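Inspection log for the structure reproduced underneath, given as structure tokens.
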Amino acid sequence: MRILVTGAAGFIGSNLVHLLRRQRPNWDLRVLDLLTYAGHAANLEPHLADGSVELQVGDVADPEAVEKALEGCDLVVHLAAESHVDRSILGSAAFVRTNVVGTHTLLEAARRRDLPMVLVSTDEVYGDLGPNDPAFTETHNIQPSSPYSASKAGADHLAQSFVRTFGMDVRITRCSNNYGPRQFPEKLIPLMIGRIARGQPCPVYGDGQQIRDWIHVEDHNEAVLAVIERGRAGEVYNLGGECELTNLQVLEGIGEVLGEKPLLEFVKDRPGHDRRYAMNGAKIAAELGWRPRLNWADGLAQTVAWYRQQEPWLESIRSGSYQDYLQANYGAR
Ligand code: NAD
Ligand code: DAU
């Protein structure tokens, strides 16, 4: 079996490739990735160096690159995306191109070849919940809040239309907030590990009481593997970590692992900020027997330890355009 994984030089995709190499060593893996600011070929080592994973550098919105990448493949796992809400507020064009046009390009090409696709969507397509609302089920309204989540909702809707209109085999996963190794250090957890470890202020948007349902990336990818192998064509699977925490609780947790008290700096809120996400994972548990396994305390300790050992990687990111992004996002807050 040969699988194309798009966006696998990024956080979740690279962890998926490592998991598949360990658990399905007979599968051939090819990666299509544009290597944007969020994608690093080094995330796929040692598999690029030993030739066990092939990397094609290209754009999912480029039909020629997609045709070449699909050559000889049996299934596609589509993760490539512009993934950061804050960046989508600073500028949304790349989100529409990659997330909507890119997903459409891939759907068309896979349909022509009669290839099944697993689309990695997100809980953010549902919008947000009030404090006492029940967790999102797969039939909840799609009501995205940010340009990022709207572009992911567009991709998700396109995939569902290809199921209904063309009978294509697309399976969709909608997952909550991931954490773990190799996440680009502008998302909450890796950003704050660096800040707290260096005694720097932690920019908390608004009151810090927003709730996310945190899942370790390894658990998410176990679910993706279950959907690749046993998911039903045309189905949507919600999944979460069964771990709802406020952003302030997340910072406290990181501080405890590091033995440092976070220096909180309350800053202007994110426009359109979703208040709470929570996922009902009953369907994937009943159909595929999947449930998250790693608990928050162990997962966080492992993640903090990983980041503490990655100074050269972090230092190479902190220079250059990363500083421009920090200035654009935090400068005026
Ligand atoms: P990421 O930003 O770390 O990685 C995205 C990858 O896609 C990068 O390697 C980047 O180079 C690549 N990419 C971007 N534009 C591309 C293009 N036009 N063509 C080819 N490659 C391109 O993102 P992530 O956090 O690993 O998220 C992966 C997927 O999972 C995304 O679809 C995201 O919406 C979804 N998701 C993420 C989370 C989360 O908490 N991080 C939760 C649920 C779903
Ligand atoms: O829910 C799934 C989504 O989770 C994925 O689809 C996205 O790709 C992923 O980026 C993530 O989105 P969030 O917006 O929830 O993640 P982020 O790490 O950007 O922020 C998490 C929370 O922390 C959110 O409430 C905003 C807050 N925050 C974030 C940053 C970067 C702060 O308070 N301060 C910050 O500096």
Side-chain angles (χ1 to χ4, degrees), residues 5-16 31-41 43-44 56-62 65-66 69 77-89 94-95 97-99 101-103 105-106 119-126 128 144-146 148-149 151-152 155-156 173-180 182-192 195 201-215 217 220-221 224 239-241 245-248 250-251 264-267 269-270 273-277 279 326 329-330 333:
V5 189
T6 71
F11 166 46
I12 299 174
S14 62
N15 281 287
L16 177 65
V31 170
L32 174 64
D33 198 296
L34 190 57
L35 301 183
T36 66
Y37 77 93
H40 301 266
N43 285 344
L44 295 164
Q56 293 187 4
V57 178
D59 186 345
V60 287
D62 170 2
V66 166
V77 185
H78 179 36
L79 296 112
E82 285 292 336
S83 71
H84 193 180
V85 174
D86 288 326
R87 282 187 187 253
S88 80
I89 295 167
F95 287 74
R97 177 174 162 80
T98 291
N99 301 358
V101 179
T103 302
T105 307
L106 205 56
L119 172 68
V120 177
S121 187
T122 170
D123 62 355
E124 296 204 13
V125 298
Y126 296 119
D128 61 357
S145 312
S146 70
Y148 161 69
S149 52
S151 67
K152 289 294 290 185
D156 196 310
T173 61
R174 295 186 186 140
C175 185
S176 61
N177 283 63
N178 284 224
Y179 68 99
R182 300 185 196 86
Q183 186 168 31
F184 193 76
E186 63 183 24
K187 302 284 177 73
L188 181 74
I189 290 184
L191 178 80
M192 297 307 182
R195 297 270 166 134
C202 300
V204 177
Y205 297 165
D207 63 3
Q209 296 297 335
Q210 302 83 5
I211 292 173
R212 299 290 182 265
D213 174 4
W214 291 97
I215 181 171
V217 65
H220 179 184
N221 283 330
V224 172
L239 54 134
L245 296 170
T246 65
N247 292 338
L248 289 178
V250 169
L251 296 195
L264 303 180
E265 183 182 30
F266 290 89
V267 298
D269 206 352
R270 173 187 277 176
H273 201 168
D274 282 336
R275 198 67 187 162
R276 173 179 168 238
Y277 305 135
M279 292 303 259
L326 292 181
N329 191 49
Y330 296 100
R333 276 201 149 96

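First listed ligand is number 1; within each ligand, the first listed atom is number 1. What you are looking at is a predicted structure, and each value in this text was computed from that prediction instead of being measured.
Those atoms of ligand 1 with a heavy atom of Gly58 less than 4.0 angstrom away are 19 (N), 20 (C). Using a 4.0 Å cut-off to heavy atoms of Thr122, the atoms of ligand 2 that qualify are 2 (C), 3 (C), 5 (C), 6 (O). Residue contact check: Tyr148 has heavy atoms under 4.0 Å from atoms 5 (C), 6 (O), 7 (C), 8 (O) of ligand 2. For ligand 1, the atoms closer than 4.0 angstrom to any heavy atom of Gly39 are 8 (C), 9 (O), 11 (O).
At under 3.5 Å, a nitrogen or oxygen of Asp59, whether backbone or side chain, sits near a nitrogen or oxygen of ligand 1. For ligand 2, none of its N or O atoms has an N or O atom of Asp86 under 3.5 Å away.
Looking at Tyr148 against ligand 1, only its side chain comes within 4.0 Å, counting heavy atoms. Contacts between Leu35 and ligand 1 below 4.0 angstrom, taking non-hydrogen atoms only, involve the backbone exclusively.
With hydrogens and angles disregarded, no donor-acceptor distance shorter than 3.5 Å links the side chain of Asn43 to the backbone of Gly39.
Heavy atoms of Glu186 come nearer than 4.0 angstrom to ligand 2 in at least one pair. In this structure, Tyr179 has no heavy atom closer than 4.0 Å to ligand 1.
Residue Glu124 holds the heavy atom nearest to atom 13 (P) of ligand 2 of all those in Lys187, Glu124, Arg87.
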